S.K.: 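Here it is, the structure in full.
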Amino acid sequence: MTVTKMSWRPQYRSSKFRNVYGKVASRENCYECIPITKNVHDNPFCAVNSKFLAIVTESAGGGSFLVIPLHQTGRIEPNHPKVCGHQGTVLDIKWNPFIENVIASCSEDTSVRIWEIPDGGLKRNMTEAVLELYGHSRRVGLIEWHPTANNILFSAGYDYKILIWNLEEGEAVKMIDCHTDVILCMSFNTDGSLLATTCKDKKLRVMEPRSGRVLQAANCKNHRVTRVVFLGDMKRLLTTGVSRWNTRQIALWDQEDLSMPLIEEEIDGLSGLLFPFYDMDTHMLYLAGKGDGNIRYYEITVEKPFLTYLMEFRSAAPQKGLGVMPKHGLDVSACEVFRFYKLITLKNLIEPISMIVPRRSETYQEDIYPMTPGMEPALSPNEWLSGINRDPVLMSLKEGYRKEPKATFKAPIRDKKSLVVNGIDLLENVPPRTENELLRMFYRQQDEIRRLKEQMAQRDLHIRQLELELRNLRNTPKES
């Protein structure tokens, strides 16, 4: 299979999305004075649904994140209640796709926690999670909800393992142990029957998530992959990464043959991570670079040229991360097909950006709003674990149609933490430490030694002062 190097120039073709443009929300519809985290972990640090906006924040003594009702725009008070139960920095947050009040978080404290947010938002700090999940022996960097099965959550840790949690039981029911380094990204296909991962070992893998059996693997030497996303039902994967010349690059793959990418395209020479976002309803791909101000967008097709550049949204303010609104939360009356929530650390600001298809007609545009995955799960946890796959339950966006979700969440009652999966004690089966972890431990110990030396020096100085005072007292003649 030959690799096609694509031209950067736009290719003009008939497309209903050729004139899509980005519209920034007015200042009063943004979220101001938010202490966005300064953590350098390559995650979006933001999660959004039609009820709430969640942002990982900077905090001392543990990890926390804000949960703001979506309508509560403007200035956010410094003492706004937070979710602050983690003992370590929060690294990832994700809303349950079927229950909008339930959010999952993972942290450097090795735990995954499930939180239930009241309908009106938080009135006071939330420190008690409805469910605490322990099974990783190192910090947990990624979490993903299964796209069709209710209460199934995947977590990836720095112990190189992926754990599958059944939240109805509150336990890890499966473990995927095929990676040899830190997992960078996880992505599901439409029905959740396949899981794609990128890893620091420079491999792209496609696997069956229940068994962990690797179906396809690519050793990406010329294209070091960092992010991966399934392109809906096209049986295609798209990865972002770095070329051998250290330029940012994207590659398109056939999910059934990862021996060679279908196409590769170099983007630019910047160093920030490229976040890919795919809209399966419009077949549009959005690329947003960490530290960039722009968002490029393309149209994906099954036939060549596969990838067609459309336009670029430009902004001077660099983004730390981006949250994406689910389809049922969009404004269909404005022909909005995608909405980002952009984290601007320099301004402590969250800025909504709407991607709009310009149309003159005010009627419902069925050609840009097909039936889309809704808020009803297709499977129960036990059905999915038994081997059943089902497509998502679809919903219509016409006239703001909303169906009450049937999914529920009830935290199980447990007496003890389960740390054994597939007959393996996860806390005993610890991989060797990475170079970065060893460096952090070294610098931490050096700081501790420096602090102890300073304390000893202060103690010696204090002792010398006491000795001097005692000597002066002894040499002072007594009054007769």
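Bear in mind the structure is a predicted one, so any value in this text is a computation, not a measurement.
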S.K.: Answer with yes or no whether the side chains of Y341 and R339 bring together a donor and an acceptor at under 3.5 Å.
M.R.: yes

S.K.: Quick one, D109 and R139 - any side-chain contact, counting heavy atoms below 4.5 Å?
M.R.: no

S.K.: Nearest 0.5 angstrom please: N96 CG to K94 NZ, how far?
M.R.: 12.5 Å

S.K.: Is the closest side-chain heavy-atom distance between M395 and T372 below 4.5 Å?
M.R.: yes

S.K.: Counting C-beta onward and ignoring hydrogens, is there a side-chain heavy-atom pair between E256 and K235 closer than 4.5 Å?
M.R.: yes

S.K.: Output every pair passing side-chain hydrogen bond (donor to acceptor under 3.5 Å, both in side chains) with a member in residues 343-352, not counting sequence neighbours, ordered by first then second residue.
M.R.: none

S.K.: Shortest non-hydrogen contact from N166 to V173?
M.R.: CB-CG1, 3.8 Å

S.K.: Assess the side chains of H223 and S243: does a donor N or O sit below 3.5 Å from an acceptor N or O?
M.R.: no

S.K.: Could you tell me whether a side-chain N or O of D279 sits under 3.5 Å from a main-chain N or O of M284, the two making a donor and an acceptor?
M.R.: no

S.K.: With rounding to the nearest 0.5 angstrom, report the OG1 to CG distance, T308 to L285.
M.R.: 11.0 Å

S.K.: Mind checking whether C220 and W253 have side chains closer than 4.5 Å, heavy atoms only?
M.R.: yes

S.K.: With distance as the sole criterion, is a donor-acceptor pair present between the side chains of E336 and S354 under 3.5 Å?
M.R.: yes

S.K.: Between the side chains of S380 and N382, is a donor N or O closer than 3.5 angstrom to an acceptor N or O?
M.R.: no

S.K.: When you measure from the side chain of Q319 to the backbone of G289, do you find a donor-acceptor pair of N or O atoms at a distance under 3.5 Å?
M.R.: yes

S.K.: Drop me the distance from Q216's CD to L237's CG, to the nearest 0.5 angstrom.
M.R.: 10.0 Å

S.K.: Can you list the steps and then say if K290 with D42 is a salt bridge (charged side-chain N to carboxylate O under 4.0 Å, His left out)?
M.R.: CA-CA 8 Å; K290 186 177 180 180; D42 286 332; 3.0 Å; yes

S.K.: With side chain to side chain contact (heavy atoms under 4.5 Å, CB included) as the test, would you mind laying out the steps for I117 and M126 before giving the verdict?
M.R.: CA-CA 9 Å; I117 310 298; M126 180 177 280; 4.2 Å; yes

S.K.: Checking side chain to side chain contact (heavy atoms under 4.5 Å, CB included) between L167 and each of L131, V130, N150, which is the one that passes?
M.R.: L131

S.K.: Would you say the rings of Y364 and Y369 are close, in the sense that their centroids are separated by under 6.0 Å?
M.R.: yes

S.K.: Just by distance, no angles: are the side chains of E208 and S211 close enough, under 3.5 Å, to form a donor-acceptor pair?
M.R.: yes

S.K.: Is it the case that the side chains of D201 and T180 hold a donor-acceptor pair, with the cut-off being a distance below 3.5 Å and no angle test?
M.R.: yes

S.K.: Ignoring hydrogens and angles, state whether a donor on the side chain of E108 or H41 is under 3.5 Å from an acceptor on the partner side chain.
M.R.: no

S.K.: Compile the donor-acceptor pairs under 3.5 Å between side chains in residues 63-70 and protein atoms, sequence neighbours left out, one pair per line.
M.R.:
from: S64; atom 1: OG; to: T57; atom 2: OG1; distance (Å): 2.9
from: S64; atom 1: OG; to: S59; atom 2: OG; distance (Å): 3.3

S.K.: Counting C-beta onward and ignoring hydrogens, is there a side-chain heavy-atom pair between R248 and L270 closer than 4.5 Å?
M.R.: yes

S.K.: Any chance the rings of Y286 and F340 have centres within less than 6.0 Å?
M.R.: yes

S.K.: Test salt bridge (charged side-chain N to carboxylate O under 4.0 Å, His left out) on R314 and D292; report intermediate values, then the result.
M.R.: CA-CA 9 Å; R314 295 186 180 182; D292 299 359; over 6 Å; no

S.K.: Compute whether any side-chain donor of one residue and acceptor of the other, for N101 and K51, lie under 3.5 angstrom apart.
M.R.: yes

S.K.: If you measure only the distance, is there a donor-acceptor pair under 3.5 Å linking the side chains of K203 and T198?
M.R.: no

S.K.: Using ring-ring contact (aromatic ring centres under 6.0 Å, His included) as the criterion, point out the one residue from W145, F230, F154 that pairs with F188.
M.R.: F154

S.K.: Consider only side-chain N and O atoms of N19 and R359, and report whether a donor and an acceptor are under 3.5 Å apart.
M.R.: no

S.K.: Taking the side chain from T148 and the backbone from D191, do they hold a donor-acceptor pair closer than 3.5 Å?
M.R.: yes

S.K.: Looking only at side-chain N and O atoms, does S50 offer a donor or acceptor that is under 3.5 Å from a partner on E100?
M.R.: yes

S.K.: Side chains of T197 and H179: do they bring a donor and an acceptor to under 3.5 Å?
M.R.: yes

S.K.: Ignoring hydrogens and angles, state whether a donor on the side chain of N39 or T89 is under 3.5 Å from an acceptor on the partner side chain.
M.R.: no

S.K.: Distance only, no hydrogens: is a donor on one side chain within 3.5 Å (strictly under) of an acceptor on the other, for Y278 and H283?
M.R.: yes

S.K.: Quick check: closest heavy atoms across F52 and P118, and the distance to 0.1 Å?
M.R.: CZ-O, 3.3 Å

